Amino acid sequence: MPTDAKPTLLIALGGNALIRKGQAGTIEEQFANLAVPAGQIARLSRTHRIIITHGNGPQVGNLLLQQECCDAVPRLPLEILVAQTQGQIGYMIESTLDSALMDLGIHFKQHFITVITYVVVAEDDPAFQRPTKPIGPVLPEAQARQAPYPTMATPKGFRRVVASPRPVSVVEKREIRTLVDMGFIVICCGGGGIPVKREGRRFQGVDAVIDKDLVSAKLALEVGVDQLVIATDVEGACLHYGTPDQRLLGDLSALEAERLLAEGHFPAGSMGPKMEAAIHFVQKGGPRALITSLEQIEAAVAGRAGTRIARETGP
Ligand code: ADP
Ligand code: MG
């Protein structure tokens with residue numbers, strides 16, 4: 001039973017909520033960066049029920065590298081490393097949020113919980129034949145070309161890539177809904193969720209990393225949230241991004257967004273999945289999706305910042 005009539009926000013935190021461009025990604029840097037969204041989420045929790053999802057690209061890639069540097073213990077498959085990052089980042093978000101709530105003096109009223117989440121993917125997803133999801137650090141070109149695993153040139157430089165199948169369904173959606181209805185801030189679908197395939201009633205982990213924007217849209221629909229908020233390191237989606245004609249998009253209908261996506265304004269692997277997630281959420285009945293910077297989550301929710309996608313853009 002819902003404890004109140006607060007609207008629900010699903011806030012998807014990008015990798016840069018933890019590690020900013022140009023940083024090495026020390027644990028001190030990651031905690032300091034997280035304080036930016038955590039302060040805003042703590043304030044928003046007074047008026048909204050909240051679900052937090054997050055990426056894990058740098059962290060899961062680092063874990064892969066760490067275990068490849070050591071032959072003394074058996075190596076773990078990617079699905080287990082994704083699970084590790086859910087615990088690691090879930091803890092970091094929880095403790096940062098705890099401090100932010102304490103600063104507001106409302107920590108005793110507001111509880112949070114991290115849910116280990118797995119996400120069903122299709123065994124025959126064509127993504128398994130073509131790895132596209134960059135993980136881990138940027139590699140020198142010579143190292144990338146000789147690496148014993150697939151790599152790709154990304155806008156940030158050469159990186160390792162793994163398969164990224166589409167999310168079919170979040171296994172723990174009922175548990176998440178129940179916890180949200182009970183008033184918990186729920187941290188879930190970390191790193192896009194642990195990818196599993198279904199074999200009858202059993203689940204089997206697979207070697208892949210699911211896109212956190214796409215799974216956030218899926219969860220937002222399965223749980224029925226009011227706004228999907230995708231927070232990243234730019235103010236919003238732009239036309240002609242990175243050119244002198246660059247222009248930030250404000251209010252946008254799903255139809256317009258689809259047209260711009262088809263015109264190639266939002267590349268795969270960065271703004272593309274965010275726009276796709278926003279369009280999918282709105283077209284399947286979600287009221288509104290926002291793409292905004294980590295600094296402007298509150299302003300975007302108030303309608304004053306970011307790119308705001310709705311079925312129709314009314315007056
Ligand atoms: P996250 O870790 O939050 O998922 P990504 O790096 O995947 O972040 O995506 C955000 C990046 O998308 C921005 O830093 C920006 O460089 C890039 N980008 C590409 N095209 C656009 C666009 N049309 N508008 C805004 N940003 C864009
Ligand atoms: Mg991304």
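Just follow the structure's listing: the first ligand is 1, and inside any ligand the first atom is 1. Here the structure is a predicted model, which is why all the values come from computation and not from measurement.
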Do Y118 and L63 share a hydrophobic cluster (ILVMFWY, side-chain heavy atoms under 4.5 Å, transitive)?
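Yes, same cluster.
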Does V119 belong to the same Ile/Leu/Val/Met/Phe/Trp/Tyr cluster as L81, with side-chain heavy atoms less than 4.5 Å apart forming each link?
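In one cluster: no.
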Taking C-beta and beyond as the side chain, do L219 and T117 meet within less than 4.5 Å on heavy atoms?
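No, every pair of side-chain atoms sits at 4.5 Å or beyond.
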What residues form a salt bridge (Lys or Arg N to Asp or Glu O under 4.0 Å) with R202, not counting sequence neighbours?
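Counting only residues at least two positions away or on another chain, R202 forms no salt bridge (Lys or Arg N to Asp or Glu O under 4.0 Å).
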Between the side chains of R46 and E298, is the shortest nitrogen-to-carboxylate-oxygen separation below 4.0 Å, so that they form an ion pair?
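Between R46 and E298 there is no salt bridge, as every charged N stays at least 4.0 Å from the carboxylate O atoms.
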Between ligand 1 and the protein, find all N/O pairs closer than 3.5 Å and give the distance for each.
from     : atom 1 : to   : atom 2 : distance (Å)
ligand 1 : 2 (O)  : G15  : N      : 3.0
ligand 1 : 2 (O)  : N16  : ND2    : 3.4
ligand 1 : 3 (O)  : T232 : OG1    : 2.7
ligand 1 : 3 (O)  : K274 : NZ     : 3.4
ligand 1 : 4 (O)  : K212 : NZ     : 3.1
ligand 1 : 4 (O)  : K274 : NZ     : 2.5
ligand 1 : 8 (O)  : T232 : OG1    : 3.2
ligand 1 : 14 (O) : K21  : NZ     : 3.3
ligand 1 : 14 (O) : D233 : OD1    : 2.6
ligand 1 : 14 (O) : D233 : OD2    : 3.2
ligand 1 : 16 (O) : Y241 : OH     : 2.9
ligand 1 : 23 (N) : C238 : O      : 2.8
ligand 1 : 23 (N) : H265 : O      : 3.0
ligand 1 : 24 (N) : C238 : N      : 2.9

Out of H54, Q30, Q84, which one pairs with Q59 under the side-chain hydrogen bond (donor to acceptor under 3.5 Å, both in side chains) rule?
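That would be Q30; it is the only one of H54, Q30, Q84 passing the side-chain hydrogen bond (donor to acceptor under 3.5 Å, both in side chains) with Q59.
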